[in-house]
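Computed from a prediction, not measured in an experiment: that's the story for all the values here.
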Amino acid sequence: MRRKFMSMALTAAMVISMAATPVFAEDTAADEGFNLNLCIASEPQTIDPALNSAVDGAIMCNHMFEGLVKWVNDGEGNAITAPGQAESWEKAENEDGTVTYTVKLRDGIKWSDGQAVTAGDFVYAWQRLANPETAADYCYMIDMVKGYDAVADGSADPSTLGITAVDDQTLQIDLTYDCPYFEEIMAFPATFPVRQDMVEGSDNWTFDPSTYIGNGPYKMTEWSHNAYISMEKNENYYDYENLGPDTIKFTLLDDNNAMLKGYNNGELDFIENLPVDEIPTYLASGELEIGDYLGTYYVCFQTQKAPFDNPKVREAFTLAVDRNYIVEKVTQSGQVEAGAYVPSGISDAEEGSDFRKNGGDYYDPTKDAYEANCEKARQLLAEAGYPNGEGFPVVEYLYNTSDAHKAVAEALQFMWEEELGVKVTLNNQEWAAFLQTRKDGDYSIARNGWIADYNDPISFLDMWMTGGGNNDAQYANDDYDALIKQAKTTTDNAERMDLLHQAEDKLIGEDSVLAPLYFYTQKYMLADGIEGMYYCPLGYFFFGYTHQA
């Protein structure tokens with residue numbers, strides 16, 4: 001999932017215009033009680049569960065919607081999966097290798113307006129996700145469901161997708177193969193139910209609390225664009241009595257200085273980002289927490305346009321980056337320089353094994369290897385027809401507005417010009433415009449990042465299939481597509497992981513589609529006296545069960 005970081009991180013309907021010193025708007029509905037004020041990002045691209053592809057939007061959707069499976073607190077602040085809208089499910093393996101899930105919904109579950117949640121709501125949402133007319137970047141998230149391929153390519157009606165409402169409380173989901181991470185798919189925001197009457201009643205249904213009807217623990221009360229999204233406890237949620245904050249306000253900012261000021265003034269209870277030069281101080285004081293994060297910050301190249309249609313050019317730019325300098329002097333939050341794309345912490349075939357450790361690095365990202373890497377980079381650029389950078393066109397590096405992204409961009413600009421003799425200009429855009437520009441392929445080099453959607457390497461690899469909704473590099477390779485398709489259908493997990501290693505070999509080792517910079521860590525600050533927040537290394541924070549100490 002795209003990570004929208006105002007500090008160091010990732011993943012557009014509106015362009016944001018914020019004052020340098022914003023006014024924190026008062027929430028008149030939250031004058032009394034326990035009211036949380038958070039800042040995780042600026043204006044979200046969308047909070048439509050099917051269309052969202054960023055972590056900030058996913059965090060909001062996780063508070064206002066709920067899937068068949070949900071993330072709960074393990075008692076130590078870590079998120080684990082548990083039944084959500086589903087009370088239980090049974091998995092049956094069929095003789096032909098297909099799998100059938102029979103899911104029973106909880107009794108009495110309701111939408112925030114009091115209407116009953118039914119199995120048909122899930123059928124509608126999943127059919128909508130797969131329907132090419134929806135244009136959901138995450139449509140492929142349910143490609144293991146029977147009939148998906150025909151629906152996605154437009155040759156079959158969405159009603160043929162292998163999800164059926166047996167009755168109002170029973171779902172049957174037919175899979176073409178035994179997907180090892182399917183329970184996490186059922187907890188993924190793109191698979192959350194949505195109300196057909198609301199979605200089809202207005203193109204702007206997500207903007208209005210009267211039409212943004214969810215089934216989660218909280219419900220939206222106001223969206224003041226570019227300022228805040230407010231929500232309050234959903235009295236129709238089945239676990240209403242155990243919820244914590246009376247209201248949760250997501251303040252929308254892209255100014256790290258404003259975030260830190262708001263936190264220090266007590267106007268914000270939680271922030272993820274702060275000015276880079278303040279990080280050492282807050283780390284030393286213990287106020288800044290650093291958590292695990294399954295993600296990679298990287299540069300992607302527009303592989304269909306010169307000069308980055310040449311893999312030698314892409315590899316040269318990949319090698320001429322001093323990753324050690326970036327993590328030690330720029331990001332300063334415990335990030336680890338990346339020698340590959342799939343990060344550490346992602347499981348391999350054997351229990352307890354690590355995909356990254358088994359796969360190794362594609363280049364040495366350490367400080368000692370930098371000069372040798374640069375020498376090889378210059379050689380590759382010469383082989384591509386640009387000795388010492390001669391004749392190489394001026395290229396642009398695109399990034400979204402953030403002082404921290406700017407610092408990385410300036411470091412990269414200097415390294416590429418110093419080591420390769422090329423001219424790189426910088427262009428920053430506000431979040432919404434940036435996402436659209438990158439998605440359209442209207443760039444040469446762009447900042448990017450990806451967070452695991454579930455703990456499996458395919459979460460990082462299937463997005464680069466030809467025509468994929470999240471394939472911002474416009475990469476197209478039939479051999480790569482074949483490896484991913486084969487990996488998705490094999491029932492032998494060792495064979496599946498071997499195919500995924502081969503796919504990464506092609507993506508990074510042969511084609512240099514991406515230039516991984518570092519593996520993420522998650523930093524945040526939470527105000528004293530607030531307990532019960534929990535976190536998932538996929539990037540989700542959960543605040544619905546917090547309380548005051």
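Other residues, nucleotides and ligands contribute over 12 non-hydrogen atoms within 6.0 Å of the OH atom of Tyr181. Heavy-atom neighbours of Asn388 CG from other residues, nucleotides or ligands within 6.0 Å: at or below the threshold of 12. In Asn78, the CG atom is crowded: over 12 heavy atoms of neighbouring residues, nucleotides or ligands sit closer than 6.0 Å. Around atom CG of Asp528, no more than 12 heavy atoms belonging to other residues, nucleotides or ligands sit under 6.0 Å away.
In this structure, CD in Gln332 is found 11.0 Å from CD in Glu278, a value given to the nearest 0.5 Å. Distance check, rounded to the nearest 0.5 Å: CG of Leu517 to OH of Tyr297 gives 7.0 Å. Atom OH of Tyr228 sits about 14.5 Å away from atom CG of Leu38, to the nearest 0.5 Å. Considering CD of Glu337 and CG of Asp364, their distance stands at 9.0 Å, rounded to 0.5 Å. In this structure, CG in Leu538 is found 11.0 Å from CD1 in Ile59, a value given to the nearest 0.5 Å. Distance check: Ile290 CD1 to Leu288 CG gives 4.5 Å after rounding to the nearest 0.5 Å.
Remark: Asn427 pairs with Glu396 by the side-chain hydrogen bond (donor to acceptor under 3.5 Å, both in side chains) rule, at least two apart or across chains. Applying the side-chain contact (heavy atoms from CB on, under 4.5 Å) rule to Pro245 yields the partners Phe34, Leu36, Tyr218, Ile248, Thr546; only residues at least two apart in sequence or on another chain are considered. Partners of Tyr370 under the ring pair (Phe, Tyr, Trp, His ring centres under 6.0 Å) rule, at least two apart in sequence or in another chain, do not exist in this structure. Shown here are the ring pair (Phe, Tyr, Trp, His ring centres under 6.0 Å) partners of Phe519, two or more places apart in sequence or in another chain: there are none. Applying the ring pair (Phe, Tyr, Trp, His ring centres under 6.0 Å) test to Tyr443 and every residue at least two apart in sequence or in another chain returns nothing. Considering only residues two or more places apart in sequence or on other chains, Asp203 meets the side-chain contact (heavy atoms from CB on, under 4.5 Å) condition with none of them. Residues passing the ring pair (Phe, Tyr, Trp, His ring centres under 6.0 Å) test with Phe543, sequence neighbours excluded: His63, Phe270.
Under the 3.5 Å distance criterion, the side-chain polar atoms of Asp56 are left unmatched by any main-chain donor or acceptor of Ile40. In this structure a side-chain-to-backbone donor-acceptor pair under 3.5 Å is missing from Thr466 to Ala476. Under the 3.5 Å distance criterion, the side-chain polar atoms of Asn448 are left unmatched by any main-chain donor or acceptor of Val299. Between the side chain of Trp450 and the backbone N or O of Ser459, at least one donor-acceptor pair lies under 3.5 Å. For the pair Thr46 (side chain) and Asp48 (backbone), a donor-acceptor distance under 3.5 Å is present. Checking side-chain atoms of Ser224 against main-chain N and O of Ala227 turns up no donor-acceptor pair under 3.5 Å. Looking at Arg323, its side chain never comes within 3.5 Å of a backbone N or O of Gly339 through a donor-acceptor pair. Side-chain atoms of Thr81 do not come within 3.5 Å of backbone N or O of Glu184 as any donor-acceptor pair. A side-chain donor-acceptor contact under 3.5 Å links Thr221 to the backbone of Ser230. When atom types are taken as modelled, the side chain of Tyr138 and the backbone of Ala50 share no donor-acceptor pair closer than 3.5 angstrom.
The side chain to side chain contact (heavy atoms under 4.5 Å, CB included) test with Tyr518 singles out one residue from Val336, Thr296, Ile326, and that residue is Ile326.
Lys233 approaches Lys219 most closely through the heavy-atom pair O-CE, 4.1 Å. Closest heavy-atom contact between Thr521 and Gly334: CG2-O, 3.5 Å. Minimum heavy-atom separation, Pro49 to Pro189: CB-O, 3.2 Å.
A donor-acceptor pair shorter than 3.5 Å cannot be found between the side chains of Thr437 and Asp442. A donor atom on one side chain and an acceptor atom on the other are found under 3.5 Å apart for Glu43 and Trp223. Of the N and O atoms on the side chains of Asp368 and Thr366, not one donor lies less than 3.5 Å from an acceptor on the other residue. Counted by atom type alone, Thr251 and Asn37 present one or more donor-acceptor pairs between their side chains at under 3.5 Å.
Among pairs with a residue in residues 533-546, none fulfils salt bridge (charged side-chain N to carboxylate O under 4.0 Å, His left out), at least two apart in sequence or across chains. Applying the side-chain hydrogen bond (donor to acceptor under 3.5 Å, both in side chains) definition to pairs two or more places apart or across chains, none involves residues 301-311. Pairs passing the salt bridge (charged side-chain N to carboxylate O under 4.0 Å, His left out) check and including a residue from residues 508-519, sequence neighbours excluded, read Lys506-Glu510. Listed by first and then second residue, the ring pair (Phe, Tyr, Trp, His ring centres under 6.0 Å) pairs that reach into residues 406-425 are Phe317-Trp416, sequence neighbours excluded. Screening residues 530-545 for side-chain hydrogen bond (donor to acceptor under 3.5 Å, both in side chains), with sequence neighbours left out, gives Asp239-Tyr545, Glu531-His547.
Residues Leu398 and Gln429 have side chains in contact (heavy-atom distance under 4.5 Å, counting atoms from C-beta outward).
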Is there a ring-ring contact (aromatic ring centres under 6.0 Å, His included) between Tyr298 and Tyr341? Walk through the geometry before answering. CA-CA 8 Å; Tyr298 61 93; Tyr341 177 49; 5.4 Å; yes
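Side-chain rings of Tyr263 and Tyr524 stay apart, their centers remaining 6.0 Å or farther from each other.
Salt-bridge annotation for Glu315 and Lys376: present, with a side-chain N of the basic residue lying under 4.0 Å from a carboxylate O of the acidic one.
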